[in-house]
Amino acid sequence: DAQGAQLKALTANGKFGQAIDFSQKGQSLADLIAVLARQHYLVNSTATDNFDYQTGANYQADDAKNQFVIHFVHEKIPTQRTATITRTVHYQYENGQLADEDQVAQQVVTQTGEKDLVTNQEHYAQKWWANVKFEAGRLPSHVGYTAKIDDQVVTEVPADQVTITGADFKDQAVETTVVYHANEQHAQLVIIDDDASEASQRTLQTLTTTGKYATAIDFTADGQSLAAILTSWQQRGYTVKSNSFTAGTTYQVDDKQNQFVVHLGHKLIPVMPDQPKTPADALPDNPEQTFPQGVGSTDLNKTVKRVILVHQPDGQITRIDQAVHFTRTATVDEATGQVVSYTDWQADGSTTLAAYAAPTFSGYTADQAVAEQVVTPTSTDSQVDIYYTANAHTTPIEYVDDDNGGAVVKTGELTGRTGDTVTTNVTNPDPTKYEVVPGTPEKITFGPDGHGKVTVHLKHKTQATSRTKT
């Protein structure tokens, strides 16, 4: 039942009313179940249609009632896995020199699961999660220096929290770098990419200048004003989210007040499934960059198909096509020219392929009905073939004595399937007593509902005799 696969099919032959014996090559059904148990297949005791192999069964007249099934499940045992979460705090001066030894803290997270002894695979809950917390810590003191993290003054090592999930269960590391700045009177403006994928890529540009208290701060680079610099970034797919520097601002005695940050974000553009793009198309706000791979028609549209082929008894094949169409929207980062996200796949309507009831043909039985199927964007196309089997029929044949009020002299049975023509094999039950009355058919053909009773008429056999009288 774990994989829906048939482990073994056993057949047996016998006579009506006899006990059914599924032994194969000297191995009983119980022995086979024991062999499967040693292979970690266990009888599914919750299955309501299990064959009671211990009690057994006798042959029934209808072979459809001589079909049985035993369900098995995989034996499983508990297991677990661990992941180590490491937080490292680096201490350095502005020039990169080591200020103090790294502080390293680790926590081990354990997730329990189960191991399938048949497939030897371990299974863990994907929606499981755990938060790993690192408490805030004391900063080493360095007289004459100001500690900063990401150019922000800090008085302690901030607390960190890492969330680990069953879907992404692995060792993780978080790093914090504490930089000690010398207390010089200077001004600094950092242009930060808030949307950078890596922390090391967040700082796009740093502008520094020196001056005296109360004089106007003027940030320039290569002869360009700050306004021109920001315009240049906007022409490369960025947008200004915030700017802490205002023109005319003067130096303060405390250099902490002379630190400024411009936060840039990436301009994002959606690509709709009915308007896909190719690398030949330029980005609208960064024309030197083109759309990436991954936003074409096949990336944003997917159709899952199921074909049902009905093989009719007359040889004709009826085809039924079913499909679910999925679409999604991509978001492209105009600064990097990369796809940053996709929406979840959405179906154009129901995600269920409708159940299909095989059409009925009198005298025939379909081998299956097609159940409804819920599909996902990862589902593969499929084909279902429905075939028909002619139904089995049995009709009685009776020999009756016409000269004795139609008394039944002999009975028998004729068997076959829908469409079969069989011989009646009429024979005289006692040639010394009877004669077969002509008219009984030599052959009969079973229709969708079988065939009516066949009656063979007999009459008494006679011979000439004489008598005398004196």
Side-chain angles (χ1 to χ4, degrees), residues 83-109 130-165 168 170-211 213 217 219 221 226 229 233 238 240-246 249 251-266 335-336:
T84 301
I85 311 301
T86 304
R87 183 182 75 163
T88 303
V89 181
H90 307 285
Y91 301 98
Q92 64 183 47
Y93 294 109
E94 287 183 274
N95 59 8
Q97 289 184 334
L98 184 67
D100 281 281
E101 294 296 325
D102 291 348
Q103 289 184 352
V104 179
Q106 290 185 328
Q107 296 190 43
V108 177
V109 180
N131 285 329
V132 179
K133 296 181 179 180
F134 294 93
E135 300 297 332
R138 183 184 62 83
L139 280 172
S141 177
H142 289 266
V143 177
Y145 289 85
T146 300
K148 298 181 180 181
I149 297 177
D150 293 334
D151 292 324
Q152 301 297 315
V153 176
V154 294
T155 58
E156 62 179 7
V157 177
D160 272 327
Q161 178 172 294
V162 177
T163 299
I164 184 170
T165 67
D168 188 26
K170 62 184 178 182
D171 292 344
Q172 297 187 38
V174 291
E175 295 188 39
T176 300
T177 301
V178 178
V179 180
Y180 290 91
H181 294 258
N183 295 328
E184 297 176 333
Q185 187 171 322
H186 66 277
Q188 178 176 277
L189 185 145
V190 182
I191 299 175
I192 292 179
D193 180 358
D194 284 352
D195 298 328
S197 59
E198 300 289 340
S200 60
Q201 300 172 350
R202 291 192 67 213
T203 301
L204 297 175
Q205 190 173 7
T206 301
L207 306 177
T208 59
T209 186
T210 59
Y213 171 71
I217 302 173
F219 291 107
L226 178 59
I229 293 170
W233 284 111
Y238 292 87
V240 177
K241 296 172 64 177
S242 66
N243 183 354
S244 65
F245 179 76
T246 303
T249 299
Y251 287 101
Q252 302 300 304
V253 67
D254 183 355
D255 279 346
K256 296 177 184 178
Q257 301 177 32
N258 298 328
Q259 306 296 315
F260 308 96
V261 179
V262 176
H263 290 274
L264 301 184
H266 295 189
T336 63

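The figures here come from the full heavy-atom set of this structure, side chains too, leaving out hydrogens, waters and symmetry mates. Predicted, not measured: the structure shown is a model, and the values here were computed from it.
- Between the Q107 side chain and the K133 main chain, a donor and an acceptor come within less than 3.5 Å of each other.
- Q106 and T86 share a side-chain donor-acceptor pair at under 3.5 Å.
- With hydrogens and angles disregarded, a donor-acceptor distance shorter than 3.5 Å links the side chain of N258 to the backbone of Q252.
- The distance from atom CG of L226 to atom CG of L189, rounded to the nearest 0.5 Å, is 5.5 Å.
- Among all heavy-atom pairs drawn from K170 and I164, the shortest one is O-CD1, 3.6 Å.
- The two atoms that bring H142 and Y93 nearest to each other are ND1-OH, 3.3 Å, heavy atoms only.
- Side-chain contact between H181 and V153 is absent, with no heavy-atom pair separated by less than 4.5 Å.
- Between H266 and A196, the shortest heavy-atom distance links the atoms NE2-N, 4.3 Å.
- Distance CG/L207 to CD1/I217: 12.0 Å, rounded to 0.5 Å.
- The ring-ring contact (aromatic ring centres under 6.0 Å, His included) search around F134 returns none, not counting sequence neighbours.
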inquiry  = Between V240 and L264, is the side-chain contact (heavy atoms from CB on, under 4.5 Å) condition met? List the steps.
reply    = CA-CA 5 Å; V240 177; L264 301 184; 3.7 Å; yes

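- Put simply, CD1 on I85 and CG on D171 are 7.0 Å apart, with the number rounded to the nearest 0.5 Å.
- Between F260 and T249 there is a side-chain heavy-atom pair separated by less than 4.5 Å.
- Looking only at side-chain heavy atoms (C-beta outward), Y180 and Q92 stay at 4.5 Å or farther from each other.
- Within 6.0 Å of atom CD in Q161, more than 12 heavy atoms from other residues, nucleotides or ligands are found, so the atom counts as buried in its surroundings.
- Within 6.0 Å of CG in D150 there are 12 or fewer heavy atoms belonging to other residues, nucleotides or ligands.
- Under a 3.5 Å cut-off, the side chain of D102 and the backbone N or O of V104 do not form any donor-acceptor pair.
- Partner of Y91 under the side chain to side chain contact (heavy atoms under 4.5 Å, CB included) criterion, chosen from T176, V179, V178: V178.
- Contact check for Y238 versus L204: side-chain heavy atoms found under the 4.5 Å cut-off.
- Applying the side chain to side chain donor-acceptor pair (under 3.5 Å) test to E175 and every residue at least two apart in sequence or in another chain returns H90.
- Between T203 atom OG1 and I192 atom CD1 the span is 5.5 Å, to the nearest 0.5 Å.
- Pairing each heavy atom of V154 with each of L139, the nearest pair is O-CD1, 3.4 Å.
- Residue R202 is tested with D193, D194, D195, D151 for a salt bridge (charged side-chain N to carboxylate O under 4.0 Å, His left out); the sole match is D194.
- To the nearest 0.5 Å, atoms NE2 (H186) and OH (Y251) are separated by 9.5 Å.
- When all heavy atoms of D160 and R87 are compared, the closest pair comes out as OD2-CD, 3.0 Å.
- H263 NE2 to S244 OG: the interatomic distance, rounded to the nearest 0.5 Å, is 7.0 Å.
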